[in-house]
Amino acid sequence: MISYLSEINDIRLASENALKDIGLQVNFAVSETTMPSFGDITTNAAFVISKAKKIPPSDAIALFLVNFKPKSQKFLEVVPHTSGFVNFWLKTEFFNKFINEVIAQHGFGDIDVAQKKIAIEHTSVNPNKALHVGHARNVIIGDTFYRLLKRLGHRVAVLNYIDDTGVQVADLLIGFKEMGFSVDGDGQKYDHYCGDVVYVKANKVIENDLRLKEVRSNILKALEAGDETYKFANRIVSRIVSEQLKSAWALGARYDLLNWESHFLHAGYWNEVFDILKSKGAVQYVSEGKNAGCWVLKGKKVLIRSDGTAVYTAKDIIYAAWKLGIVNDRFGYDFFANQWDGTSLITTSLDKKGVKSYNPADISYIVIDQRQEPIQQMIKEVVEAVIPDKKYKIIAYGLVALSKNTAEKINANIENEKFVHMSGRSGVFFNLDDLYFMVKGAAMEIINKRNAPLENKERVAEGIAVSAIRYSLLKIDLDKQIVFDIDDALKLEGDTGPYLQYSLARAMKIIEKLGPLKIPCDIGVLNSEEERALLLSLTKFDYELNKSYETVSLSTIANYAHELAVQFNIFYEKHRVIDEKSELVKNARGCLVLAFTYIMTDLFQVLGIPVLKEL
RNA sequence: GGGCCCGUAGCUCAGCAUGGAUAGAGCGCUGGCCUGCGAAGCCGGAGGUCGCGGGUUCGAAUCCCGCCGGGCCCGCCA
């Protein structure tokens, strides 16, 4: 498919060949221009020639141009600049071809990449509580990256790991078994009941009670062993996971497979993994010093204690090894739930032998917050050393904290700090379901105020809530910490998800009222600055998606969607479509608007933003 | 003590992968635009030592080094 990216690649290849012919093999850049007035694409290749050959820029440009032979010459206007840059303008023929291809395919069409088998793990929230806004960042980053991988053409499996044998679950069980909390709940959503009420209270009591600490340690052993206590826990945990999934589904996330820590333990993977690590020399036995008697990773991280038991990190290594196929799959597979997109969510199983639903990945991604990065980095090194042809990739993001204002609203004690980190244990968190409910309410308020004759206000408000929440978390760079403020989250104007939806709705309304277009269209009559800027932005679809993937930056896509929406709105304010008098211009503009709706819808799919025809 | 991340307008953030030619948005402040395809929109104004210092370079918000400020991690816990 012809695009901005295909032209950049063409220019890069032609420049490379030109430099080769001149006898140079050096680095140069082909990129976007810094100012629209300079053109659409630029290269500094002549600079490089000028420097290497010690000749003036003007001579270097001349030398470059006689050797420069791009394949798609008919699409490019070459404009050398006295400063030494060689600039390129994309011609009308290029835009015409692009728009007609987009319209013919109802979208951008396939993107040309080498297909890989990929697993991505995200969410993986302890199964004793509801998802809070920090978990929401994980879910949305993971789900959007999944959507991006999928859109690029890869085969992707989405995994969600359930740590059902950890301390958090044990604490919860104590709440039920020792403190008299009802296992059936109190009427509110079950994950909220367990996390907000039972767990917080139980944990507080246990921390000051030696007997209960003893009970907890026994429960942990029982969970690992898989006896009656485990079965009791399993019923509760499954119910909580089901509720957590509802919260994630509401945001447009979906999964392929649930993995359970207990399954890995009970299936007895550890010895196999440990043997492989030993045989590959990835783990060493230490005979003296403070780690005497232990098996150690990278000379610092103890993996097997001197008493022969494995530390927690061993479980992470087992999982990583399983994802990439370092160990043989011993699991059965079973149905867990139907999802909103029509797919089935599968779970591993220790007894049932359903259809094998997971094939080891070539590349495995894990979405984690920055605190876990060092340990995951170590796991990456170990795993990639054992199986060098596969990749273990880490997507780490900054923590989500609560603003002073927001913390006060949930009655958290914040003293003189500007923000506070969330903590499930101490009850300092803002639940995702509450955020969703409140944003939906804010959307509903606007809808009612405008008195818009919408068919299904409820569904529209939900769509707006999803876009507002997803976009606000995606547009911020992964490396950045977020201080969540509920008042900001409820604002639906400006650089927000609803702004994107609004732009698309406007465009779709035009198409709906416009009537049939003459295809193929000739957009040669469109020569205004605004029309050209919109056309240019549209052609950057695969360029931006590719950049987002290469740099693992989801804000890149979010910002691109915003830029497109801005370009469209500027065009919309300045030019009429339906009541345009010239039939030629009207048809051309109609095609431009139609192409915009296709590309934008395609982008929404990647971002997980619902398309609303009306809002 | 060792390591990771952040620092760009009053506030929240783009831009940094691949150095380039006048540093961009939103919110807030301020002045305009609906008898027009949807005003959740658009146009204008005010607002910037790109944390500080050095280095590399013809050229640095962008690359390198040091420092300062903020956040986080570093258990034979899970």
Side-chain angles (χ1 to χ4, degrees), chain A residues 27-31 33-35 37-38 42 44 47 50-51 57 81-85 87 126 163 165-170 220 261 286 290-296 300-313 315 369-375 377 396-399 401 418-419 421 443 446-447 450 452 464 468 472 475-483 485 488 491-503 505-507 509-514 547 550-553 555-556 558-559 562-563 565-566 569-570 572-580 589 593 614-615:
Chain A
N27 287 330
F28 65 99
V30 180
S31 61
T33 53
T34 50
M35 295 287 301
S37 59
F38 294 134
T42 188
N44 65 354
F47 268 128
S50 161
K51 204 167 161 184
H81 192 269
T82 47
S83 62
F85 289 101
N87 297 328
N126 280 320
D163 178 1
T165 61
V167 176
Q168 290 87 352
V169 172
L220 280 173
E261 185 155 291
V286 177
K290 67 181 175 119
N291 291 335
C294 300
W295 288 84
V296 175
K300 49 189 173 184
K301 174 68 191 168
V302 171
L303 201 58
I304 302 290
R305 303 183 187 96
S306 50
D307 67 2
T309 56
V311 303
Y312 184 78
T313 303
K315 298 175 184 174
D369 75 54
Q370 277 172 349
R371 290 174 305 187
Q372 306 169 59
E373 206 174 353
I375 194 71
Q377 199 63 41
Y397 58 88
L399 287 176
K418 285 184 172 172
F419 61 85
H421 285 297
I446 296 173
I447 292 169
R450 291 160 52 113
I464 290 169
S472 68
K475 72 172 179 175
I476 293 176
D477 191 82
L478 295 181
D479 284 334
K480 261 170 182 127
Q481 174 178 259
I482 292 178
V483 177
D485 187 90
D488 287 345
K491 289 178 186 156
L492 304 176
E493 290 174 5
D495 185 10
T496 64
Y499 174 84
L500 307 181
Q501 291 174 309
Y502 184 70
S503 314
R506 274 176 149 183
K509 189 68 83 181
I510 291 176
I511 297 302
E512 188 186 304
K513 292 186 176 173
L514 189 58
K547 181 162 81 176
E550 293 288 339
T551 59
V552 191
S553 160
S555 56
T556 297
N559 294 330
H562 180 253
E563 183 199 316
V566 168
N569 280 325
I570 292 172
Y572 180 90
E573 297 286 340
K574 200 125 182 182
H575 304 281
R576 311 292 302 172
V577 182
I578 294 173
D579 42 6
E580 166 61 42
R589 286 194 185 140
V593 174
E614 296 184 312
L615 68 151

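First the proteins, then the strands, lettered A, B, ... as listed; each starts at 1.
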Worksheet item: Is any side-chain nitrogen or oxygen of A/Y499 closer than 4.0 Å to OP1 or OP2 of B/rC42?
Response: yes

Item to complete: Check every strand shown and say whether A/R506 touches a base, only sugar-phosphate, or nothing at a heavy-atom separation below 4.0 Å.
Response: sugar-phosphate

Worksheet item: B/rU57 pairs with which nucleotide, Watson-Crick or G-U wobble, both distances below 3.5 Å?
Response: none

Worksheet entry | Distance-only donor-acceptor check, side chains A/Y502 and A/N569, under 3.5 Å | no

Discussion item. Please classify the glycosidic conformation of B/rC34 as syn (within 90° of 0) or anti (everything else).
Written reply: syn

Item to complete: Could you check whether A/F28 gets within reach of a base, just the sugar-phosphate, or nothing at all, counting any heavy atom under 4.0 Å?
Response: nothing

Worksheet item: So, A/F85 and B/rA21: ring centres less than 5.5 Å apart, planes less than 30° off, yes or no?
Response: yes

Item to complete: Look at all strands and tell whether A/Q501 reaches a base, only sugar-phosphate, or nothing, counting heavy atoms closer than 4.0 Å.
Response: nothing

Item to complete: Starting at atom CD1 of A/I375, determine the distance to atom C1' of B/rC77, rounded to an integer number of angstrom.
Response: 12 Å

Item to complete: Could you tell me which nucleotide pairs with B/rG1 by Watson-Crick or G-U wobble geometry, both distances under 3.5 Å, or answer none if nothing does?
Response: B/rC74

Discussion item. Can you tell me if A/T34 touches the phosphate of B/rA21, counting only side-chain N or O atoms and a distance under 4.0 Å to OP1 or OP2?
Written reply: yes

Worksheet item: Does OP1 or OP2 of B/rA78 have a side-chain N or O of A/Y312 closer than 4.0 Å?
Response: no

Item to complete: Check whether the side chain of A/S555 and the base of B/rA14 form a donor-acceptor pair under 3.5 Å.
Response: no

Worksheet item: Residues two or more places apart in sequence or in another chain: which of them pass side chain to side chain contact (heavy atoms under 4.5 Å, CB included) with A/T34?
Response: A/F38

Item to complete: Give one of base, sugar-phosphate or nothing for A/N27, where a contact means two heavy atoms less than 4.0 Å apart.
Response: nothing

Worksheet item: Contact class for A/L220 vs. all strands (heavy atom < 4.0 Å): base, sugar-phosphate, or nothing?
Response: nothing

Worksheet item: Heavy atoms under 4.0 Å, any strand shown: does A/T309 hit a base, just sugar-phosphate, or nothing?
Response: nothing

Discussion item. Students often mix this up, so state it plainly: with edges at 30° and 60°, are the rings of A/H562 and A/Y499 parallel, tilted or perpendicular?
Written reply: tilted

Discussion item. Strictly below 4.0 Å: does A/R305 bring a side-chain N or O up to OP1 or OP2 of B/rC77?
Written reply: yes

Fill in: Residue matched to B/rC27 through Watson-Crick or wobble contacts both under 3.5 angstrom
B/rG10

Worksheet, complete the sentence: Rounding to 0.5 Å, atoms OG1 (A/T496) and CG (A/D488) come to a distance of 12.0 Å

Discussion item. Heavy atoms only, 4.0 Å cut-off, all strands: where does A/S306 land among base, sugar-phosphate and nothing?
Written reply: base

Response to the item:
Atom CG of A/L399 and atom C1' of B/rC6 are separated, to the nearest Å, by 12 Å

Within the sub-3.5 Å range, which N or O atoms of nucleotides 7-9 of chain B have a protein N or O partner, and how far apart are they?
unit_1	atom_1	unit_2	atom_2	d
B/rG7	OP1	A/K480	NZ	3.2

Worksheet item: Among B/rA40, B/rU18, B/rC72, which is the nearest nucleotide to the side chain of A/P498?
Response: B/rA40

Practice prompt. Using a heavy-atom cut-off of under 4.0 Å over every strand shown, decide if A/H421 touches base, sugar-phosphate, or nothing.
Written response: sugar-phosphate

Response to the item:
Contacts of A/K51 and A/A565 projected onto RNA chain B by closest heavy atom; the upstream (5') one is A/A565

Worksheet item: Would A/F47 pass as stacked on B/rG20, i.e. its ring centre under 5.5 Å from the base's six-membered ring centre and planes under 30° apart?
Response: yes

Worksheet item: Across the strands shown, which category fits A/L478 at heavy-atom distances under 4.0 angstrom: base, sugar-phosphate, nothing?
Response: nothing

Discussion item. Once you apply a heavy-atom cut-off of 4.0 Å, does A/K574 come out as touching a base, just sugar-phosphate, or nothing?
Written reply: nothing

Worksheet item: Where each residue is assigned the nucleotide of RNA chain B containing its nearest heavy atom, which of A/H81 and A/A292 is assigned the position nearer the 5′ end?
Response: A/H81

Practice prompt. Check every strand shown and say whether A/K509 touches a base, only sugar-phosphate, or nothing at a heavy-atom separation below 4.0 Å.
Written response: base

Worksheet item: Considering every strand shown, what is the Watson-Crick or G-U wobble mate of B/rA39 when both distances are under 3.5 Å?
Response: none

Discussion item. Can you tell me the base-pairing partner of B/rG47? Count Watson-Crick or G-U wobble geometry only, both distances below 3.5 Å, and say none if there is no partner.
Written reply: none

Worksheet item: Taking the same atom, P, in B/rG24 and in B/rU49, what whole-Å distance lies between them?
Response: 15 Å

Practice prompt. Classify the nucleic acid contact of A/I570 as base, sugar-phosphate or nothing, counting any heavy atom under 4.0 Å across all strands shown.
Written response: sugar-phosphate

Worksheet, complete the sentence: Looking only at B/rG20, B/rA78, B/rC13, the nucleotide nearest the A/I476 side chain is B/rC13

